[in-house]
There are 2 protein chains.
Amino acid sequence: MSRPLPKQRLRVWLRMLSAQREIETGLREALRLKFDSTLPRFDVLSALDRYRDGLRMSELSAKLKVSNGNVTGIVERLAGEGLVERVAVDGDRRAMLVRLTPAGAERFAEMATAHEGWINEQLSAFDSDELEQLIRLLERMGGENA
Amino acid sequence: MSRPLPKQRLRVWLRMLSAQREIETGLREALRLKFDSTLPRFDVLSALDRYRDGLRMSELSAKLKVSNGNVTGIVERLAGEGLVERVAVDGDRRAMLVRLTPAGAERFAEMATAHEGWINEQLSAFDSDELEQLIRLLERMGGENA
DNA sequence: AGAATTTATTTCAAGTATAAAATATCTGCA
DNA sequence: TGCAGATATTTTATACTTGAAATAAATTCT
């Protein structure tokens, strides 16, 4: 007789939260110390690095799963640092396209290398098979992919 | 020849972030609509419900893995709502013990029931074996348990 | 064309979060 | 005893986050 399903699910959720917070705390500190930057900024740069032609504000907030207003502020600060630029979209004067500047692309490349290393350490306990298992399971959690 | 280990680990991390944000968005909204409350407040109540004798501020922030100053603010608001109370610890005048009020315990009980239901829906795709797998894997992620 | 609606983004108010500085208290030890 | 250092918490400054309201521009429907 095993534990009821709802309790098991709750347990998974709580454990996931805990692991996540712990890893994020490490990342946050590392980003701050090595790059004087933050996790949200890294996330925005990362999305823009993946979409080199740029993204609209709304696409950015959808990809990051955060509110529109939130992205406005982060992009503003990144623009202030010269890492991203906002350009008008022609054909739609409501929209703004955000993309990496050359400086931003270069900066992100350094951060991404370090970031991959930190994650690699945090998840060093897992071998390839286990990682595949995790991917398969996590892909079925929540709705669609990243 | 499979993908290199560091990339696989990164993939797991990104997928976990994505799933988490999606689920949290749902929980946040549900908590707001049904209880006019928030996730951080729920987390604090949850910890206090588990430790009925109360917790010190520092124990609370350690369990929740958030900063001390953060907990100060959330507890302040919960105290304003009459859901928690702060009492002096005798033998140490620096410390504060926080615990649920009867109203807080009652309120939390309602919230917890609903919360379990929401999580149960969000993770409805998984059966018992898969949940056990997830637990085992997640327990090895980051450092120690919750 | 002109009004109503929808879409894209920003602004706003309130709450959440961190790191660092400030307080207050406690503990260990010369 | 008295003080140096450690501990518990709050305060402060700044950043992040949300949901809702406000703008502004595009689209739809007569």
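Numbered from 1 within each chain, the chains take letters A, B, ... in sequence-line order.
- Here D:dA15 presents its C1' atom at 12 Å from CG of A:D36, a figure rounded to the nearest Å.
- Rounded to the nearest 0.5 angstrom, B:R140 CZ and A:F126 CZ are separated by 5.0 Å.
- Protein atom CD of A:E24 is 15 Å distant from nucleotide atom C1' of D:dA15, rounded to whole Å.
- With the nearest nucleotide of DNA chain D identified for both A:G69 and B:G69, B:G69 has the one nearer the 5' end.
- How far CD of A:Q8 is from CZ of A:R11: 8.0 Å, rounded to the nearest 0.5 Å.
- In this structure, CD1 of A:I74 is placed 18 Å from P of D:dT14, rounded to the nearest angstrom.
- Rounded to an integer number of Å, the gap from A:L39 CG to D:dT14 C1' is 17 Å.
- Environment of CD in A:E106: sparse, with no more than 12 heavy atoms of neighbouring residues, nucleotides or ligands closer than 6.0 Å.
- For A:R32 and D:dA15, the shortest distance from a side-chain N or O to OP1 or OP2 is not below 4.0 Å.
- Checking side-chain atoms of B:R41 against main-chain N and O of B:L78 turns up no donor-acceptor pair under 3.5 Å.
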Item to check | Trace of the side-chain hydrogen bond (donor to acceptor under 3.5 Å, both in side chains) decision for A:R28 with A:T25 | outcome: CA-CA 5 Å; A:R28 196 188 322 283; A:T25 297; 4.9 Å; no
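- If you measure from atom CG of A:D90 to atom C1' of D:dA26, you get 15 Å, rounded to the nearest angstrom.
- Where A:R41 and B:L33 meet DNA chain D, the nucleotide closest to each residue was compared, and A:R41 sits on the side nearer the 5' end.
- The CG atom of B:L60 sits 12 Å away from the C1' atom of D:dT9 (whole-angstrom rounding).
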Item to check | Intermediate values then yes/no, side-chain contact (heavy atoms from CB on, under 4.5 Å), B:R77 and B:T38 | outcome: CA-CA 11 Å; B:R77 281 170 220 117; B:T38 67; over 6 Å; no
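- Between A:L64 atom CG and D:dC16 atom P there is a gap of 13 Å when expressed in whole angstrom units.
- Ranked by how close their nearest DNA chain C nucleotide is to the 5' end, A:T25 and A:D92 are led by A:D92.
- Put simply, A:N70 has a side-chain N or O that comes within less than 4.0 Å of OP1 or OP2 on D:dT18.
- Nucleic acid contact class of A:S67 (heavy atoms, under 4.0 Å, all strands): base.
- Listed pair B:T72 / D:dT11 fails the phosphate criterion, with no side-chain N or O lying under 4.0 Å from OP1 or OP2.
- Side-chain proximity of A:R94 to D:dT18, D:dC16, D:dA26: nearest is D:dA26.
- Of all nucleotides listed (D:dT18, D:dA26, D:dT9), D:dT18 comes nearest to the side chain of B:R28.
- Atom CG of B:D127 is surrounded by more than 12 heavy atoms from other residues, nucleotides or ligands within 6.0 Å.
- Here chain A contacts DNA chain C (any atom closer than 4.0 Å to a heavy atom, that is under 4.0 Å), and the contacts span C:dT7 to C:dA20 from 5' to 3'.
- One interatomic measurement links the two molecules: CG of A:N68 to P of D:dC16, which rounds to 17 Å at whole-angstrom precision.
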